[in-house]
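Below is one structure; the comments refer to it alone.
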Amino acid sequence: MHPLRRIRAYWVWVIFVFVALVLISFNVGKRRSWTPVEQVVIEITAPLQKFIRKSAQTVERAWLKYFSFVDLREENSRLKEEKDDLRMQNDLYRELVSTHARLRELLQFKESIRSPMVAAQVIGRDPTGWFESILIDKGAQAGLRLNMPVVDARGVIGRLVAVSPNYSKVLLIIDQNSAVDCLVQRSREKGILKGLPSQFCRLHYVSRAADVAVGDKIVTSGMDRIFPKGLPVGEVLEIADTPWEFFKDVRVKPSADFSKLEEVLVLLKEDPLSSPSQKTK
Amino acid sequence: MLHGVAWFLSLIYILLKGSVVNEVAPLFFDIDLVIVITASLLMSSGSAGAAVFAFGQGMLIDLLSAGFLGLFALLYVISFLCLELGARFFDLRSVQGQFILVGLVVLFKEVILVGLLDAFAFEVVLSAALFFWFGASAFFTGLIAPLIFSILSHVQTRTAGETKEAA
């Protein structure tokens with residue numbers, strides 16, 4: 001290789017490493033929304049992601065339908081056509097019923113909470129597999145702002161950590177960077193709920209003297225000023241009380257099923273963590 | 001044209017990972033197309049384009065993910081350097097060279113990622129299963145590398161042919 005090209009290659013590398021390190025240094029431990037340039041990237045890529053997700057769902061349905069048809073090959077064509085027709089209608093009906101049930105649950109939940117909310121569809125998940133976040137198809141134009149709580153019919157999902165005009169990123173409560181101030185519903189013991197590497201959470205800072213039992217319901221305390229008080233979060237799954245530890249190790253199974261998120265509700269409440277100057281903007 | 005195809009292919013794969021792949025694939029199993037395409041660009045169009053590609057794709061992943069901004073950009077730039085250095089010892093024009101170098105870089109990237117996450121107080125359970133999946137990711141990414149190399153090389157040959165004809 002020509003020496004000049006080699007020098008250029010190293011310079012390119014040094015510059016990019018420097019930029020990446022600067023970005024990490026300025027962003028580690030902080031949560032900030034997307035910058036205008038990043039918003040443009042999201043606005044371009046998110047519709048593509050929405051399309052990919054819809055296509056994948058269609059392919060999945062067709063694939064499942066194909067398998068359900070394999071056993072019917074021996075049937076005569078008339079019966080088969082009738083059966084296929086009925087099956088398709090049935091699939092459609094089931095899909096409608098399941099969508100209806102999900103939306104009814106969401107509606108009931110919406111009615112039980114007085115604050116205004118916006119329904120959004122999940123269009124993508126975290127591409128790394130290491131972090132737990134989702135992308136939803138509503139953004140600033142629908143009234144969404146940073147740190148708004150996101151819930152579904154079963155309970156708390158997470159909070160908005162980045163917002164563009166039409167899309168938002170939600171940090172799920174099962175992510176290790178997430179923290180939710182919670183209460184044990186029965187005994188009113190407090191703790192901070194954080195995500196674990198699995199799809200579970202841990203309730204931190206629960207003293208050894210605290211009254212917590214397996215099966216206890218965990219709800220939001222409202223003390224973090226992000227989540228309204230009393231939203232269901234999960235259920236105590238396991239408690240380890242080690243003699244030399246200050247706190248109990250309380251594992252919590254979240255109420256929401258994070259592997260099947262399709263629609264979520266965003267509670268439209270003002271960002272409690274923004275400064276007064278930001279609020280007036 | 002080659003860069004356009006490379007960027008588009010990688011973008012689609014990243015979006016697919018966020019939509020489908022991560023839902024069906026085992027946790028921590030990661031066929032890393034970004035590293036394969038970076039290696040292919042490094043071989044066919046030099047360092048600068050490959051470095052910009054690695055950094056850009058890393059930034060895109062950072063934007064879509066809940067991790068720290070710059071984390072994956074840094075990881076892919078480090079991977080790019082590993083490819084650049086590794087290309088002196090392994091021939092990226094041979095199938096064996098592509099398989100070995102890409103696999104090694106994927107493995108190295110996963111180890112660096114765990115190290116960085118640990119440094120940022122992120123709890124990672126180091127288990128045999130985790131390293132098994134890292135090995136599997138490296139192996140399968142290495143396996144897929146010659147195919148991607150050949151697709152991108154075909155695109156480059158066609159583009160070069162069309163340019164010549166136009167001239």
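To find a chain, count down the sequence lines: A is the first, B the second, and so on, and within it residues start at 1.
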Test Leu74(B) against Ile24(A) for side chain to side chain contact (heavy atoms under 4.5 Å, CB included), laying out the working first.
CA-CA 9 Å; Leu74(B) 179 67; Ile24(A) 292 177; 3.8 Å; yes
Please verify the inter-ring angle class for Phe131(A) with Phe68(B); under 30° counts as parallel, over 60° as perpendicular, anything in between as tilted.
perpendicular
Is it the backbone or the side chain of Val41(A) that comes under 4.5 Å from a heavy atom of chain B, or both, or neither?
side chain
So what's closer than 4.5 Å to chain A heavy atoms on Leu85(B): side chain, backbone, both or neither?
side chain
More than 12 foreign heavy atoms under 6.0 Å from CZ of Phe247(A): is that the case here?
yes
Smallest heavy-atom separation, Leu23(A) atom then Gly70(B) atom, equals CB-CA, 4.0 Å
Side chain, backbone, both or neither of Leu130(B) within contact of chain A (heavy atoms, under 4.5 Å):
side chain
Please rank Leu135(A), Ile123(A), Leu48(A) by heavy-atom pairs under 4.5 Å with chain B and give me the top one.
Leu48(A)
Nearest 0.5 Å, please: how far is OG in Ser65(B) from CD in Glu132(A)?
10.0 Å
Whether the side chain of Lys169(A) engages the backbone of Leu64(B) through a donor-acceptor N/O pair (distance < 3.5 Å, no angle test) should be reported.
no
Quick one: what part of Tyr76(B) sits under 4.5 Å from any heavy atom of chain A, side chain, backbone, both or neither?
neither
Shorter than 4.5 Å, heavy atoms on both sides: which option in Leu71(B), Leu60(B), Leu75(B), Asp62(B) has the most such pairs with chain A?
Leu71(B)
Which distance, rounded to the nearest 0.5 Å, do you find between the OG1 of Thr128(A) and the CG of Leu117(B)?
8.5 Å
Max heavy-atom pairs within cutoff under 4.5 Å with chain A, candidates Ala73(B), Ala51(B), Ala54(B), goes to Ala51(B)
Give, as side chain, backbone, both or neither, the part of Val114(B) having an atom under 4.5 angstrom from any heavy atom of chain A.
side chain
What's the separation between atom CG in Leu63(B) and atom OG1 in Thr45(A), rounded to the nearest 0.5 Å?
7.5 Å
Which atoms of Leu11(B) come close to chain A, meaning under 4.5 Å heavy atom to heavy atom: side chain ones, backbone ones, both, or neither?
side chain
Of the non-hydrogen atoms in Asp126(A) and Ala66(B), which two are nearest, and what is the gap between them?
OD2-N, 2.7 Å
Please round to the nearest 0.5 Å and tell me the distance separating atom CE of Met59(B) and atom CZ of Phe16(A).
10.5 Å
